[in-house]
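Counting convention: from 1, in listed order, for ligands and their atoms alike.
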Amino acid sequence: MFDRTIKIAPSILSADFANFGAEIQAIEAMGADWVHVDVMDGHFVPNLTFGSTMCAAIRKHIKGVMDVHLMITPVDASIDAYADAGADIITVHLEAGPHIHRTLQAIRSAGSKAGLALNPGTGLEAMPYVLDLVDLVCVMTVNPGFGGQKFMHSQIDKVRALRAMIGDRPIHIEIDGGVTPQTAPLVAAAGADVLVAGSAIFSGGSVANPSVYGANIMQIRKSAEAARG
Ligand code: DX5
Ligand code: ZN
């Protein structure tokens, strides 16, 4: 069921890479709505994480939505592998290849929901031509590649314009990068409903002390919901 309530999606990029299973169980127990999984190839972005085999392994630990953010190029040949790994949503970058229309179609054909991510330097010009092919648009509020970067306020107007374009279509607006209790209200007020956060959720906590994760999730959620009015 589609809804526009605020959803918090911790990015496991900031979790303990040697302990993903326990980290995922901890954030879900502490109130995470979705689990955001960052796949980086050291080519499209200057950082390398893991691939579809790891996604399949961590899928077993996720009770809710597995939100896979592919920062890889080329991407088309890998879509089926991530769908088979159990990704509920597969998000690809507009900048990652010449055939975004075909790529989005391929994601839905493979049985996942289709997300489209836009880098901070990318505009909304293509959106009218792909709106019917997407279930989610991810507005990057940092340049992709690393956690812990500073939120770009320049992206807030893009979120507002995107929200107007979407109208009553069942398309989520996700924000990725620099989300904190301070920045979450700005994008929630502009129309975002899915808030990815890595460092703001994982810093200070651990699987041994997961209540910190819970407090961080709660703070981001409350500040975003307050901005919605
Ligand atoms: C950045 C990733 C993000 C990252 C966000 O390329 O796509 O999901 O983990 O990290 P924070 O919340 O620390 O900016
Ligand atoms: Zn991400």
query = D38: which N/O/S atom is nearest the Zn ion (ligand 2)?
reply =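 In D38, the N, O or S atom with the shortest distance to the Zn ion (ligand 2) is OD1.
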message = Among the N/O/S atoms of D176, which is closest to the Zn ion (ligand 2)? Give the atom name.
response =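 Result: OD2.
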Does an N or O from [X], backbone or side chain, lie closer than 3.5 Å to an N or O of ligand 1?
{"X": "P144", "result": "no"}
{"X": "S14", "result": "no"}
{"X": "G178", "result": "yes"}
{"X": "N143", "result": "no"}
{"X": "G148", "result": "yes"}

Looking at [X], which atoms of ligand 1 are within less than 4.0 Å of one of its heavy atoms?
{"X": "D176", "value": "2 (C), 3 (C), 4 (C), 5 (C), 7 (O), 8 (O)"}
{"X": "H36", "value": "8 (O)"}
{"X": "G177", "value": "14 (O)"}
{"X": "M40", "value": "6 (O)"}
{"X": "G147", "value": "10 (O), 13 (O)"}
{"X": "S199", "value": "11 (P), 12 (O), 13 (O)"}
{"X": "A197", "value": "12 (O)"}

If we only count heavy atoms from C-beta on, is the [X] to [Y] side-chain gap below 4.5 Å?
{"X": "I24", "Y": "I12", "value": "yes"}
{"X": "I62", "Y": "D88", "value": "no"}
{"X": "V65", "Y": "D33", "value": "no"}

message = Is it true that D38 and S11 share a donor-acceptor pair across their side chains at a distance under 3.5 Å?
response =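 On atom types as modelled, these side chains qualify, holding a pair under 3.5 Å.
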key: G145 touching ligand 1 at heavy-atom level, < 4.0 angstrom   =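 The answer is yes, since G145 has a heavy atom less than 4.0 Å from ligand 1.
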inquiry  = So, 4.0 Å and heavy atoms of F151: is ligand 1 close enough to count as a contact?
reply    =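 No, F151 has no heavy atoms under 4.0 Å from ligand 1.
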Test side-chain contact (heavy atoms from CB on, under 4.5 Å) applied to [X] and [options], the passing residue:
{"X": "H36", "options": "I201, I8, D176", "result": "D176"}
{"X": "D135", "options": "R108, H172, R169", "result": "R108"}
{"X": "M66", "options": "I89, I58, I90", "result": "I58"}

key: Residues, nucleotides or ligands: over 12 heavy atoms within 6.0 Å of R102 CZ   =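 Open.
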request  = Inspect the surroundings of CE in M218 and state if more than 12 heavy atoms from other residues, nucleotides or ligands are less than 6.0 Å away.
outcome  =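 For M218, atom CE is not crowded (no more than 12 foreign heavy atoms under 6.0 Å).
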ask   = Using the benzene-type ring in the case of Trp, are the ring centres of H93 and F44 under 6.0 Å apart?
value =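 Ring centroids of H93 and F44 are less than 6.0 Å from each other.
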ask   = What does the angle at the Zn ion (ligand 2) come to, between atom NE2 of H36 and atom ND1 of H69, rounded to 10°?
value =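 With the Zn ion (ligand 2) as the vertex, the angle is close to 100°.
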task = Would you please classify the geometry between the F20 ring and the F17 ring as parallel, tilted or perpendicular, with 30° and 60° separating the classes?
result =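 Tilted, since the angle between the ring planes falls between 30° and 60°.
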Metal proximity, C138 vs the Zn ion (ligand 2), N/O/S cut-off 2.8 Å =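 For C138, the answer is no, given that no N, O or S atom comes within less than 2.8 Å of the Zn ion (ligand 2).
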